[in-house]
Amino acid sequence: MAKKKPTRTKPRRLKGFRDIDAGDVLARDRMVATIRKVYERYGYGPLETPALEYVDCLGKFLPEADQPDAGIFAFLDEDDVWVALRYDLTAPLSRYVAMNPDLPRPFRRYQVGPVYRVEKPGPGRFREFYQFDFDSVGTNAMLADAECCMVMCDALEALGIERGDYAVRLNDRKVLNGVLETIGGGKELDASIGQNVLRTIDKLDRVGIDGVKQLLGGGRKDESGDFKAGCQLSASQIEVVIGYLSAVGETRADLCDVLEKLVGASEVGREGVDELRQIDVALTGAGYCDDRVTIDPTVVRGLAYYTGPVFEGVLTFSVVDDAGVAREFGSVFGGGRYDDLVKRFTGQEVPATGASIGVDRLLAALKTLGKIDTSPTMAAVLVTRLDKTLNTEYQKMVAELRAADINAELYIGNQAIAKQFKYASDTGKTVGIVAGSDEMEAGEVSIKDLRLGVELSKEIGADRKQWLEQQPAQFTAKRGGLVESVKEVLGRYGV
RNA sequence: GCCGGUGUAGCUCAGUUGGUUAGAGCACCUGCCUGUGGAGCAGGGGGUCGCAGGUUCGAAUCUUGCCGCCGGUACCA
């Protein structure tokens with residue numbers, strides 16, 4: 001008879017979710033700390049809201065279907081009410097503002113945390129990911145939007161990304177809408193067609209200008225032979241859109257002049273251009289010129305809730321993708337003005353504007369640039385336990401080191417000394433301390449430079465015995481000089 | 001969601017036209033070496049061949065369905 005198999009639980013992880021190891025957590029914390037300082041320098045303060053919200057407050061409840069929108073993680077709570085994990089930090093912010101009408105306005109806050117979406121995971125794309133937002137609620141002044149652009153610039157520069165390696169690109173949804181009005185012949189274009197046109201413009205960087213032309217018209221067949229139906233615009237309408245997308249100007253102000261002509265008689269269009277002009281003036285006044293912030297008619301930023309200016313921070317240096325093609329790293333910041341978000345709670349217009357960092361993407365960028373420390377270990381010193389009857393003494397040693405603000409770990413496993421050194425090595429320690437009866441009698445400790453040791457070990461030949469006797473990376477110190485000696489070794493590596 | 005690829009040990013992969021007990025390298029563990037990380041040598045653990053069904057005397061291999069992963073596409077607050 002076959003042995004009965006124990007039923008074991010298979011370790012599994014939810015699709016699109018990640019375990020984040022020490023190096024990445026620490027790197028992310030360092031990055032977040034740097035950005036937080038920039039936000040605070042502008043006067044933004046922190047806010048935390050819960051990960052779970054009532055679905056209707058997130059604005060994703062479908063009353064007809066009597067259930068939440070697909071695309072969010074939702075469940076019925078114990079009272080049979082739909083509850084969901086937040087899918088961004090902006091919806092909770094508007095809920096918070098609506099619940100706290102006495103907040104001084106403009107209300108300015110930053111928030112960092114994980115958000116959740118039920119989407120197909122892809123490269124660099126997860127179902128749980130971090131966002132880091134800052135927003136100003138309660139002002140319709142374009143100064144606020146201009147400031148968002150400045151904050152993005154400052155944050156990227158604070159992270160060590162050099163001017164020229166990034167750009168903030170600015171546009172205005174009202175200008176986009178003005179163009180749609182124009183091709184509608186003065187009348188409002190059918191909403192779904194308008195959406196489709198915006199979606200198509202959003203694809204510009206992937207399908208190119210010719211692809212956009214095809215998608216605006218009859219449709220497009222891609223490399224795989226897949227056919228995608230187009231927006232069915234007329235040739236003259238397409239021309240207007242393409243003309244708009246190709247608009248250029250020497251400066252932001254020049255481009256505004258060009259855009260003004262393109263939107264023609266459209267009132268929203270003119271309004272949008274006027275907003276861009278105000279932002280330009282504010283930015284120029286603050287010294288943020290065209291080398292950092294440009295107006296880019298191709299920026300759409302999804303179909304979201306944006307009502308006015310939209311902007312994105314992109315990294316312009318190129319990276320080689322998996323296919324071996326060099327391409328721009330892409331967008332790491334995105335944001336814009338959303339004037340209608342609080343209204344659904346209070347009925348009052350509460351103008352707001354802000355931006356959000358894709359934390360994971362930006363972190364990936366910093367890693368490829370080598371601009372972030374990803375060293376995983378927190379510990380610097382391992383005190384080994386050669387002789388288990390000396391535990392008290394070992395504990396004194398780590399206590400002394402810790403009191404001197406040195407990260408010190410006492411080996412708490414049960415392995416022999418050889419394994420202890422391997423452990424020290426595997427966990428990235430810089431210094432190993434050994435003290436057996438020999439040392440104790442002499443009032444000494446042995447201190448080993450583990451990093452030097454690993455270098456020297458490369459030269460060991462067959463003569464292991466001699467190597468062991470000499471221990472060139474090791475020296476003895478007076479027991480009383482423990483802290484000082486450890487500091488000396490750590491100092492060699494700037495730890 | 002749709003299209004394509006793929007799934008064998010912790011990792012990277014072999015596994016010939018279906019045929020004994022499924023292999024290698026790396027990693028891991030033990031010993032040589034009970035006071036020192038590497039190398040070497042010797043040994044060891046670890047796989048219901050993604051899951052379920054079908055064909056067959058016999059399936060990792062052929063077949064169907066499902067799932068996961070990777071890539072593209074759609075969507076993207």
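Proteins get letters first, then strands, A, B, ... in listed order; numbering begins at 1 in each.
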(request) Would you mind telling me which residue lines up with the more 5' stretch of RNA chain B, A:Ala70 or A:Leu14, judged by nearest nucleotide? (result) A:Leu14
(request) Considering non-hydrogen atoms only, spot the tightest contact between A:Arg337 and A:Thr139 and give its length. (result) NH1-O, 3.0 Å
(request) Please report the closest heavy-atom contact between A:Phe311 and A:Arg301, naming both atoms and the distance. (result) O-CD, 3.9 Å
Hey, does the side chain of [X] come within less than 4.0 Å of [N]'s phosphate (OP1/OP2), counting only N and O?
| X | N | answer |
| --- | --- | --- |
| A:Lys419 | B:U30 | yes |
| A:Arg206 | B:A74 | yes |
| A:Gln415 | B:U30 | yes |
| A:Lys203 | B:C75 | yes |
| A:Arg199 | B:A74 | no |

(message) So, using ring pair (Phe, Tyr, Trp, His ring centres under 6.0 Å) as the criterion, who are the partners of A:Tyr87 when residues are at least two apart?
(response) none
(message) Once ring pair (Phe, Tyr, Trp, His ring centres under 6.0 Å) is applied, do any residues pair with A:Tyr411, and if so which ones, sequence neighbours excluded?
(response) A:Tyr423
(request) Would you mind telling me which of A:Arg402, A:Arg385, A:Lys429 makes a salt bridge (Lys or Arg N to Asp or Glu O under 4.0 Å) with A:Glu409? (result) A:Lys429
(message) Checking A:Glu147 against A:Ser136: is there a side-chain donor and acceptor pair closer than 3.5 Å?
(response) no
(message) What I want to check is whether the side chains of A:Asp135 and A:Tyr338 have a donor and an acceptor closer together than 3.5 Å.
(response) yes
(request) Give the stems involving RNA chain B, where a stem is 3 or more consecutive Watson-Crick or G-U wobble pairs (i with j, i+1 with j-1, and so on) under 3.5 Å. (result) B:1-7 with B:67-73, B:10-13 with B:23-26, B:28-32 with B:40-44, B:50-54 with B:62-66
Using the [atom1] atom in both, what is the distance from [N] to [M], to the nearest Å?
| N | M | atom1 | result |
| --- | --- | --- | --- |
| B:G7 | B:C13 | P | 10 Å |
| B:G46 | B:G23 | P | 14 Å |
| B:U20 | B:G25 | C1' | 26 Å |
| B:U8 | B:U16 | C1' | 16 Å |

(request) Residues of residues 88-96 of chain A with any non-hydrogen atom less than 4.0 angstrom from an atom of RNA chain B: list those, numerically ordered, please. (result) A:Asp88
(message) Can you pull out the residues from residues 108-118 of chain A that lie within a 4.0 Å heavy-atom distance of RNA chain B?
(response) A:Arg117
So what does [X] touch, heavy atoms closer than 4.0 Å: a base, only the sugar-phosphate, or nothing?
| X | result |
| --- | --- |
| A:Gly432 | nothing |
| A:Lys15 | sugar-phosphate |
| A:Leu58 | nothing |
| A:Asp449 | base |

Dump every N/O contact between nucleotides 33-35 of chain B and the protein below 3.5 Å, one line per pair.
residue, atom, partner, partner atom, Å
B:C33, O2, A:Arg464, NH2, 3.1
B:G35, O6, A:Asp438, N, 3.3
B:G35, O6, A:Asp438, OD2, 3.1
B:G35, N1, A:Glu439, OE1, 2.9
B:G35, N1, A:Glu439, OE2, 3.3
B:G35, N2, A:Glu439, OE2, 2.6

(request) State whether the side chain of A:Asp449 and the backbone N or O of A:Val489 hold a donor-acceptor pair below 3.5 Å, judged by distance alone. (result) no
(message) Is it the case that the side chain of A:Asp340 and the backbone of A:Lys343 share a donor-acceptor pair, with hydrogens and angles ignored and the cut-off at 3.5 Å?
(response) no
(message) From the set B:C76, B:G72, B:U36, return the single nucleotide nearest to any side-chain atom of A:Lys120.
(response) B:G72
(message) Apply side-chain contact (heavy atoms from CB on, under 4.5 Å) to residues A:Ile35 and A:Val359 and explain how you reach the verdict.
(response) CA-CA 10 Å; A:Ile35 297 167; A:Val359 169; over 6 Å; no
(request) Record whether the side chain of A:Arg125 comes under 3.5 Å of the base of B:C76 through a donor-acceptor pair of N or O atoms. (result) yes
